[in-house]
J.: 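One structure is given below, represented as structure tokens, and several questions about it will come after.
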Amino acid sequence: MSPIFYLLAAITLAGGLAAVLLKHLVHCALAVTVAFAGLALLFLELDAQFAGFAQILVYIGAVAILIVFAILLTRGADLPKAGVFSKTWFLGLLIAAAVFAVLGWAVLASVSAIPQQTAIPSVTVHDIGVALVGRYVLPLEIVALLLTAATIGAVIVAMHEKARPRG
Amino acid sequence: MSANSFFVNLDQIFVLLRNWLVGFLPSALRPAAGVLLGVIAIVCVFPGLFALTTVFERKGLGRMQNRLGPNRVGPYGLFQPVADGIKSLTKEDIVPLSANAAVHFLAPLALVVTVFMGFAVLPMGRNMVLVDMDAGLLFFFAMGAATELSVFMAGWSSRNKYSLLGAMRAVAQMISYEVVLLLSSVAVVMITGSLSLPKIVAAQDQYSGIFPHWYIFTPWGLAGFVMYAIAATAETNRSPFDLPEGESELVAGYHTEYSGFKFALFFLGEYLAMFSISGLGTTLFLGGWSAPLSFLQFIPSWIWFFGKVMTSIFVFIWVRGTLPRLRQDQLMNFAWKFVLPYTLLNLMVTALWRFMGEGWQRWVVCTIILAGAYIVMGRLGMRGEHFGRRSYRHAE
């Protein structure tokens with residue numbers, strides 16, 4: 001583990017913690033962006049260029065923007081009087097711990113299940129493309145279908161108000 | 001020294017200069033020093049071009065509007081950018097009382113830094129690219145996507161309704177047109193088979209007779225380039241897509257509450273984005289640093305690159321002086337109902353072009369499909385619109 005890894009891990013964790021602990025919703029969204037950027041840099045540190053850039057493009061360019069838009073269009077940026085922390089934080093902590101335990105278990109189990117590679121695999125964008133339309137073409141198409149369905153659903157939800165006959 | 005090797009050396013002069021400077025250092029430091037020199041060159045050259053472009057734009061717009069433009073500072077007003085720079089450095093930096101100080105401070109920095117990052121993968125001449133990445137195009141778009149958030153940060157943190165409205169408009173517009181920008185570039189990637197920008201240029205740096213193999217000279221390339229240019233104009237918030245800072249309705253949009261050097265940074269970021277997006281368009285469709293005719297190859301490659309970029313900038317200025325601003329609904333309808341479907345069709349045509357193989361048939365088929373779709377979609381889109389005769393009024 002290099003010092004760069006620890007630095008990036010610290011940035012990512014700090015971003016994630018700030019997203020949970022800050023009081024202002026827009027600040028939380030920006031802190032999440034920092035965590036996303038940290039994750040992207042971790043991918044780059046592992047020589048996974050495509051994954052890293054895709055992370056920036058999708059998460060910072062789209063997801064973060066979507067989050068701030070949702071915040072501004074729904075509740076406004078004002079602070080609620082009752083405080084922003086949920087009463088049931090203990091339950092949330094329990095669920096988060098359970099998810100973390102499952103993920104940790106899966107990662108640790110995969111170490112013994114898959115033989116350790118000594119050589120660093122070099123995966124180019126070309127290889128990813130070939131794999132996507134070759135071996136993984138069915139999952140890719142299913143995801144595409146799902147996204148199309150979601151888009152059509154979103155359009156129908158947005159159209160509903162207009163289509164209702166005026167009484 | 002023969003004439004030939006003189007031109008080869010002139011072509012590679014910046015590379016040779018860098019190698020010569022780096023040669024003074026111990027060999028362990030050389031790669032890092034080479035990169036550092038490249039970064040310094042980018043950080044110096046493009047703001048310098050920015051200063052030149054501001055005076056060029058004001059003079060050019062003045063010419064188009066029958067007036068003189070800046071003419072007080074230096075000969076023909078050429079030192080105007082120096083005066084502007086000193087002015088913005090010495091002005092008071094005002095932060096509104098209710099603004100969100102930290103975000104307000106970070107927004108211009110985030111914008112300029114992410115815009116500068118885009119230049120890292122642009123090949124500005126033969127062997128003149130800072131980082132030759134396998135996924136260079138993806139890197140460029142990832143950095144472009146990151147600028148949207150800084151625009152939002154600026155608009156939101158100012159606590160001003162005009163700023164917020166401007167930022168929301170800017171982000172909505174950038175998201176809509178970014179899709180087009182990406183998809184029109186995908187056509188180039190499909191033909192080249194690589195996301196690496198130097199490889200895309202190398203694929204276009206070939207000649208049939210004296211004519212180059214630039215992608216703009218193919219039906220799909222021309223359609224892709226036009227869509228790219230529209231999306232690039234919208235992405236950089238230039239007129240006629242300058243609603244986010246429409247001064248007649250929103251004061252100045254998302255940078256209303258910025259003064260002094262922070263405002264100058266926004267201005268710089270906007271122009272740098274223009275340079276980088278023109279540079280990418282040049283690389284993707286106009287052959288990058290390759291010469292337009294085969295017997296002109298002796299002229300250094302970097303002259304061609306910067307010449308093409310500055311020509312694109314001139315077209316930006318020309319369009320700004322010509323077209324009126326769109327309305328918000330026109331902007332969105334144009335993006336989602338015309339530009340995006342046409343770009344998707346262009347992707348199909350590109351695939352057809354790829355699989356029809358060499359020969360004249362693919363030229364005919366692809367041209368007919370693209371031109372036919374253009375006419376049909378244009379007619380359908382304009383149905384129900386009524387235009388009167390144009391009336392012109394000239395200045396006396």
Side-chain angles (χ1 to χ4, degrees), chain A residues 15 18 22-37 39-41 43-44 47-73 76-79 122-130 133 147-148 151 154-155 158, chain B residues 98 100-104 106-107 110 113-114 117-118 121 131-157 159 161 164-165 167-176 178-179 181-182 186 189-190 192-196 199 235 336:
Chain A
L22 285 177
K23 290 213 162 53
H24 209 296
L25 267 181
V26 178
H27 284 171
C28 297
L30 293 177
V32 165
T33 315
V34 173
F36 288 154
L39 275 181
L41 291 174
F43 279 128
L44 292 181
D47 262 343
Q49 274 190 8
F50 189 83
F53 297 150
Q55 167 89 13
I56 296 178
L57 194 65
V58 173
Y59 280 87
I60 298 180
V63 173
I65 294 281
L66 205 66
I67 293 174
V68 291
F69 253 70
I71 292 170
L72 285 185
L73 291 180
D78 301 325
L79 290 177
S122 69
V123 180
T124 60
V125 180
H126 187 254
D127 296 337
I128 295 172
V130 168
V133 292
L147 286 177
T148 314
T151 314
V155 170
Chain B
S98 61
N100 214 302
V103 183
H104 190 267
L106 280 176
V113 168
T114 47
M117 300 270 267
V121 289
V131 199
D132 183 1
M133 273 189 230
D134 194 28
L137 190 65
L138 200 64
F139 173 82
F140 189 94
F141 285 124
M143 288 305 125
T147 58
E148 287 164 20
L149 204 67
S150 54
V151 167
F152 170 80
M153 282 162 72
W156 175 78
S157 66
R159 281 295 177 107
K161 60 187 170 209
L164 191 58
L165 275 175
M168 297 294 264
R169 278 186 181 185
V171 174
Q173 174 177 330
M174 282 163 124
I175 290 176
S176 311
E178 195 175 12
V179 182
L181 204 66
L182 266 163
V186 166
V189 175
M190 279 162 72
T192 315
S194 174
L195 281 169
S196 151
K199 276 188 191 143
E235 193 74 6
W336 294 102

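Source: prediction; values computed, not measured.
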J.: Need one label for B:Leu164: side chain, backbone, both or neither, based on atoms under 4.5 Å from any heavy atom in chain A.
T.: side chain

J.: Sort B:Phe152 into side chain, backbone, both or neither according to what part of it lies under 4.5 angstrom from a heavy atom of chain A.
T.: side chain

J.: To the nearest 0.5 angstrom, please state how far the CG atom of B:Leu106 sits from the CG atom of A:Leu30.
T.: 9.0 Å

J.: Atom CG in A:Leu44, atom CE in B:Met133: separation rounded to 0.5 Å?
T.: 8.0 Å

J.: Measuring heavy-atom distances to chain A, does B:Met153 have an atom under 4.5 Å in its side chain, in its backbone, in both, or in neither?
T.: side chain

J.: What do the steps show when you test A:Val26 against B:Trp156 for side chain to side chain contact (heavy atoms under 4.5 Å, CB included), and what is the final call?
T.: CA-CA 9 Å; A:Val26 178; B:Trp156 175 78; 3.5 Å; yes

J.: Can you find a pair of side-chain heavy atoms, one from A:Ile56 and one from B:Met143, that are under 4.5 Å apart?
T.: yes

J.: Count the heavy-atom pairs under 4.5 Å between each of B:Ala146, B:Ala102, B:Ser196, B:Ala135 and chain A, then report the option with the highest count.
T.: B:Ala135

J.: Are the side chains of A:His27 and B:Asn100 in touch, meaning some heavy atoms are under 4.5 Å apart?
T.: yes

J.: Sort B:Leu149 into side chain, backbone, both or neither according to what part of it lies under 4.5 angstrom from a heavy atom of chain A.
T.: both

J.: Give the minimum heavy-atom separation between B:Ala145 and A:Gly61, together with the two atoms involved.
T.: CB-CA, 3.5 Å

J.: Are any non-hydrogen side-chain atoms of B:Val171 and A:Phe69 less than 4.5 angstrom apart?
T.: yes

